[in-house]
Amino acid sequence: MPELPEVETVKNGLVRLVQNKTIADVDVRWSKIVESPTVDEFRNNLIGQVIEDVKRRGKFLLFKLTDFDLISHLRMEGKYEYFLENEISKPDKHTHVIFTFSDGSQLHYNDVRKFGRMILVAKNQGVLYKGIKQLGPEPTKKEFSLTTFAKKLQRSTSLIKPLLLNQKVVVGLGNIYTDEVLWTAKIHPQQPASTLKQEEVSRLHQAIIDILAKAVSAGGTTVRTYKNALGEAGHFQLDLKVYGKTDEPCPRCQTPISKIKVAQRGTHLCPHCQKIKRRKLS
DNA sequence: ACGTCTGTTCTCCT
DNA sequence: TAGGAGAACAGACG
């Protein structure tokens with residue numbers, strides 16, 4: 001499900017719902033969700049811990065506990081759902097982890113495709129976890145330097161779309177926002193990254209910052225099943241220009257949006273606004 | 001009924 | 001070391 005704006009929205013919901021709650025019990029119903037340590041240690045270490053805060057880094061959630069960091073990645077379809085004691089619903093076959101708090105309320109982790117993962121590490125060691133350590137900057141004006149971005153594009157042999165999906169250059173983009181950002185910057189997804197002109201790099205950089213920020217304000221995008229921790233859909237889907245708009249007119253030039261495959265991912269673009277420019281690879 | 005599609009990222013291989 | 005293919009899994013759709 002989630003790219004950065006959706007994870008940010010889930011994080012904000014979790015802060016409202018479970019901050020300062022004490023974990024009284026943990027039921028792991030699908031053990032592969034817990035990557036490490038063992039399920040027994042995971043459970044034993046979590047019991048008695050207070051959720052002091054919930055943070056986000058890239059698409060990772062970071063629960064800051066009394067003595068541990070709990071890392072959670074939702075991958076494609078992971079969801080958190082919170083229940084007060086008097087309205088707890090029965091777990092279904094997609095409920096893989098249940099946290100019960102000392103006030104009787106529960107937080108369920110649901111994941112139809114079972115791709116999501118949780119990792120429990122020592123306090124403040126979350127940032128050292130491999131998947132987090134290798135992440136690029138957050139897509140904000142403050143963290144995301146245009147000159148560093150330009151240099152990384154220059155040195156890459158990759159096409160621009162797969163490069164943006166790889167979280168090492170900048171975090172937060174997934175398949176939806178990558179298509180949106182490239183349309184906004186008028187760049188073809190299959191343009192080799194090293195052939196972008198300075199002006200294009202600059203437009204792309206700005207589009208990444210702007211679109212992700214706007215999508216956060218809109219509470220994320222719901223195109224299929226995404227819901228935040230409060231069970232609410234996002235509404236950035238109303239602002240999508242190309243994702244899921246195959247054969248609909250481009251909002252800029254009315255040319256029908258086409259859908260192609262790039263790096264095995266469905267990719268939407270305007271064939272008029274986004275043309276591959278034949279340039280020397282430098 | 002079956003092949004294809006789906007919001008992610010990790011591992012393996014060249 | 002970078003980057004492409006395949007894997008992990010389940011369900012919806014035509």
Side-chain angles (χ1 to χ4, degrees), chain A residues 1-11 29-36 56-61 71-80 92-97 109-119 129-136 151-182 189-194 211-212 215-216 218-229 232-240 242-247 259-268 281:
Chain A
M1 83 184 201
E3 304 177 40
L4 181 146
E6 293 75 38
V7 180
E8 176 70 12
T9 306
V10 168
K11 183 265 289 174
R29 304 158 56 85
W30 181 261
S31 62
K32 288 176 80 175
I33 298 293
V34 178
E35 184 175 304
S36 75
R56 177 193 58 74
R57 173 75 175 101
K59 303 176 192 172
F60 288 84
L61 290 165
I71 301 162
S72 166
H73 198 299
L74 307 171
R75 294 285 187 100
M76 297 288 270
E77 300 226 38
K79 285 172 198 54
Y80 281 101
D92 63 22
K93 60 175 172 173
H94 304 308
T95 308
H96 305 311
V97 183
Y109 176 73
N110 299 320
D111 190 341
V112 167
R113 294 175 72 179
K114 297 176 173 168
F115 283 175
R117 291 293 178 265
M118 294 184 192
I119 306 98
Y129 172 67
K130 186 158 161 272
I132 293 183
K133 201 176 163 185
Q134 65 181 6
L135 293 176
K151 276 182 201 158
K152 290 198 175 158
L153 296 194
Q154 189 59 245
R155 291 179 194 143
S156 172
T157 60
S158 169
L159 305 179
I160 188 62
K161 173 156 177 173
L163 179 141
L164 294 177
L165 287 172
N166 169 331
Q167 304 293 298
K168 289 174 183 167
V169 173
V170 61
V171 299
L173 296 166
N175 207 37
I176 294 179
Y177 297 113
T178 300
D179 284 0
E180 293 298 308
V181 150
L182 288 169
Q190 289 172 310
Q191 187 73 35
S194 68
I211 288 176
L212 289 174
V216 167
T221 299
T222 297
V223 293
R224 289 177 35 146
T225 62
Y226 163 72
K227 287 204 173 18
N228 69 21
E232 302 159 339
H235 41 272
F236 193 75
Q237 61 276 15
L238 301 174
D239 281 303
L240 294 178
V242 288
Y243 184 87
K245 307 287 188 188
T246 313
D247 297 333
K259 185 171 180 185
I260 62 173
K261 206 119 206 173
V262 180
Q264 290 128 259
R265 311 296 303 276
T267 298
H268 310 75
L281 291 129

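The figures that follow rest on heavy atoms only: side chains count, while hydrogens, waters and symmetry mates do not. Naming: A, B, ... by sequence-line order, numbering from 1 per chain.
Between A:I260 and A:Q190 there is a side-chain heavy-atom pair separated by less than 4.5 Å. In this structure, A:K133 and A:K130 have side chains that are not in contact, with every pair of non-hydrogen atoms separated by 4.5 Å or more.
Taking the side chain of A:F115 as heavy atoms from C-beta on, and the options B:dT6, C:dA2, C:dA8, the nearest nucleotide is C:dA8. Proximity note for A:K261 (side chain, C-beta onward) versus C:dA8, B:dT11, B:dC5: the nearest is B:dC5. The side chain of A:K59 has B:dT8 as its nearest neighbour among B:dT8, C:dC9, B:dC10.
For A:Q134 and C:dA2, the CD to P distance is 11 Å, given to the nearest whole Å. Rounded to an integer number of Å, the gap from CD1 of A:I176 to C1' of B:dT8 is 12 Å. As a whole-Å value, the separation of A:R113 CZ from B:dC5 P is 13 Å.
With P as the reference atom, C:dC9 and B:dC12 are 15 Å apart, rounded to whole Å. When the P atom is compared between B:dC5 and C:dA5, the two are found 15 Å apart, to the nearest whole Å.
A side-chain donor-acceptor contact under 3.5 Å links A:Y80 and A:S72.
Only one option out of A:L74, A:V171, A:L135, A:V7 pairs with A:F60 in a side chain to side chain contact (heavy atoms under 4.5 Å, CB included); it is A:L135.
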